[in-house]
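Here the structure is a predicted model, which is why all the values come from computation and not from measurement. Chain letters run A, B, ... following the sequence lines, proteins first, then strands; residues in each count from 1.
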Amino acid sequence: MSYAQVIATLPDYIGKTVSINGWIANKRSSGKIIFLQIRDGSGFIQGVIVRDEAGEELFQNAETLTQESSVRVQGIVRKDERSKTGVELSVTALSVLQITHDYPITPKEHGVEFLMDHRHLWIRSSKQRAILKIRSEIIKAIRSFLDDHDFTQVDPPILTPSSCEGTTNLFHTKYFEEDAYLTQSGQLYMEAAAMALGRVYSFGPAFRAERSKTRRHLIEFWMIEPEMAFASHEDNLAVQEGLISYVVSHVLSNCSVELAALGRDTSKLEKVQAPFPRITYDEAISFLQANSFEINWGDDFGAPHETAIAKQYDRPVFVEKYPVGIKAFYMKPDPSRPEVALCADMLAPEGYGEIVGGSARIDDPELLLNRFREHQLSEEDYAWYLDLRKYGTVPHAGFGLGLERTVAWICGLEHVREPIPFPRLLYRLYP
RNA sequence: UCCUCGAUAGCUCAGCGGUAGAGCAUCCGGCUGUUAACCGGAGGGUCGUAGGUUCGAAUCCUACUCGGGGAGCCA
């Protein structure tokens, strides 16, 4: 021994003396024995101090420890069947960095408002740690899947001159003398990038200045937006189901400790394998009408509609070919049926709603120009976008994957405020 | 923006017209295997704010503030 170990690796050190750095998550003691729950970010271990074995000085020292006190601990790793990780630490030396007083988050229940006010401390708790760990693994899986499928990462701008889709409210700011807005989507820029690099993806934040107050909405969230030149609607769906099933299997094989900490039913995740079922918008409308929803062809789906559809399946489902009237201006109409678009939303199971939205993009210059005029978009502001159809236009398609909704679904969380470290919510900018 | 629910000890809540309560946390004491440890004791409150009704309001009424859930928007 001599250098500090990480708690997660301690099962490899049975019988050895190790030293660890960490915080006291909890302490239980009787007159002759003290149990310390020690965490270091990599995991948890129980430190045991028996008065007769450890000596009076160490015992008294350990007795002063409080929740979230910071410590360096030396001890012998022992196998113990009563431990969840199979090992315990018989503490032989203790060095206190700080005794913490009045840590606000106690090992009891707390309300949402209190926890959100203390988000900077809440992320230390085992469930929040597990969520952030899984978020990181999901990001890693997304990158490795896309990188292995010939995609190149391209970063679109965050400060933009105007709206990309024109439907949602944007955060306004000044760019010296000009007006500027925080991006709500990098998609149009990714279309330009796809014409330069073939297959591209962006990974960055998106901002929506909507007064949304639901468990599925964040003001600031992270999105992955792949875009592919020479790709069809079918190609687009194949990449999406390949990506999502890869991500889920990566989490299942790399995050078993975290999924267990969250109490996630992994049998539901194991069913998430491509191909995913596909239904058309028309079929979805018929299904909803047959189940006594009051909805007509041409209406968009609300959250209850999406949930009813998704509940029919044990894996994500694609709903494709929506009426062009309820979708974005750039979506390509189905040549055999121009009233519907070559688009699809992927609805996650268990009522988590839309996690992916994508489409084939209009590649015909005349048609795109017509759409600009119908939607009263500025041809001047978007001259660069129209240029993409002037200089070597090709069929292309892409999609946007909402990171927090995906993490919420895989972790089985109630709310998207938990899969992001410091959520920006309506009326909440602190901490 | 609209609908709906809520605000009482540091935290989670009970009390719903008649002297402000419990559990946890904190402090003191006890306990050799605890797992949200347990047992005994102590301190801790202008009942969100402002008005009103009443002999009397945490409790009933009105407005406001702050927060939860949902709708719309979407990832």
Side-chain angles (χ1 to χ4, degrees), chain A residues 25-37 44-54 59 63-64 66-68 78 80-85 88 90 100-118 122 125-126 164-170 184-187 203-225 240 299-307 326-328 345-348 352-358 399-409 414-417 419-420 425-428:
Chain A
N26 203 356
K27 181 187 78 179
R28 284 179 281 274
S29 68
S30 70
K32 300 281 175 12
I33 187 166
I34 298 172
F35 300 99
L36 302 173
Q37 308 301 325
F44 289 78
I45 191 163
Q46 174 159 276
V48 184
I49 303 167
V50 178
R51 188 179 219 153
D52 294 345
E53 297 167 10
F59 193 88
E63 197 67 284
T64 67
T66 56
Q67 194 190 352
E68 289 306 311
R78 277 195 302 98
D80 194 305
E81 285 169 9
R82 289 165 290 196
S83 159
K84 280 173 192 163
T85 54
E88 275 188 351
S90 289
T100 290
H101 296 287
D102 301 319
Y103 185 70
I105 302 180
T106 60
K108 281 282 172 180
E109 293 168 31
H110 298 284
V112 171
E113 187 182 2
F114 178 81
L115 289 170
M116 289 304 299
D117 283 341
H118 296 85
W122 188 22
S125 69
S126 61
C164 274
E165 299 186 22
T167 51
T168 55
N169 292 314
L170 305 183
Q184 62 158 333
S185 163
Q187 189 210 306
F203 177 50
F207 307 87
R208 307 255 164 112
E210 293 289 335
R211 296 185 188 278
S212 303
K213 211 170 151 61
T214 82
R215 68 183 71 186
R216 296 182 308 283
H217 290 87
L218 291 165
I219 306 298
E220 176 183 306
F221 64 99
W222 286 69
M223 207 159 41
I224 292 87
E225 295 182 281
Q240 291 173 40
D299 294 341
D300 205 354
F301 301 140
H305 304 121
E306 288 184 354
T307 303
I326 54 171
K327 285 293 176 181
D345 288 348
M346 187 196 293
L347 307 180
Y352 281 92
E354 184 184 347
I355 55 171
V356 179
F399 61 94
L401 166 66
L403 179 65
E404 287 77 14
R405 285 187 183 177
T406 303
V407 178
W409 159 54
E414 289 289 311
H415 204 296
V416 286
R417 67 181 156 230
I420 187 165
L425 297 162
L426 187 58
Y427 307 130
R428 177 172 288 282

Euclidean distance for [atom1], [N] against [M] (whole angstrom):
N	M	atom1	result
B:C39	B:A71	P	43 Å
B:C5	B:G40	C1'	40 Å
B:A25	B:A36	C1'	12 Å

Report yes if a donor N or O on one partner sits less than 3.5 Å from an acceptor N or O on the other, where the partners are the side chain of [X] and the base of [N]; otherwise report no.
X	N	result
A:Ser212	B:C73	yes
A:Arg28	B:C31	no
A:Glu113	B:G6	no

Problem set entry | A:Leu425 CG - B:C73 P separation (whole Å) |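 After rounding, the reported distance stands at 20 Å.
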Problem set entry | Listed nucleotide nearest any side-chain atom of A:Leu218, set B:A75, B:C31, B:G72 | B:A75
Exercise. Is there aromatic stacking of A:Tyr427 against B:G67, centre distance under 5.5 Å, plane angle under 30°?
Worked result: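 It does not: the ring fails the test against the base of B:G67.
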For this session: Quick one: look up who B:U32 pairs with, Watson-Crick or G-U, both distances under 3.5 Å, and put none if it's unpaired.
Result: none
Problem set entry | CD-NZ distance between A:Gln37 and A:Lys27, expressed to the nearest 0.5 angstrom | 12.5 Å
Exercise. With sugar-phosphate meaning primed atoms plus P, OP1 and OP2, does A:His217 contact a base, only sugar-phosphate, or nothing at under 4.0 Å between heavy atoms?
Worked result: base
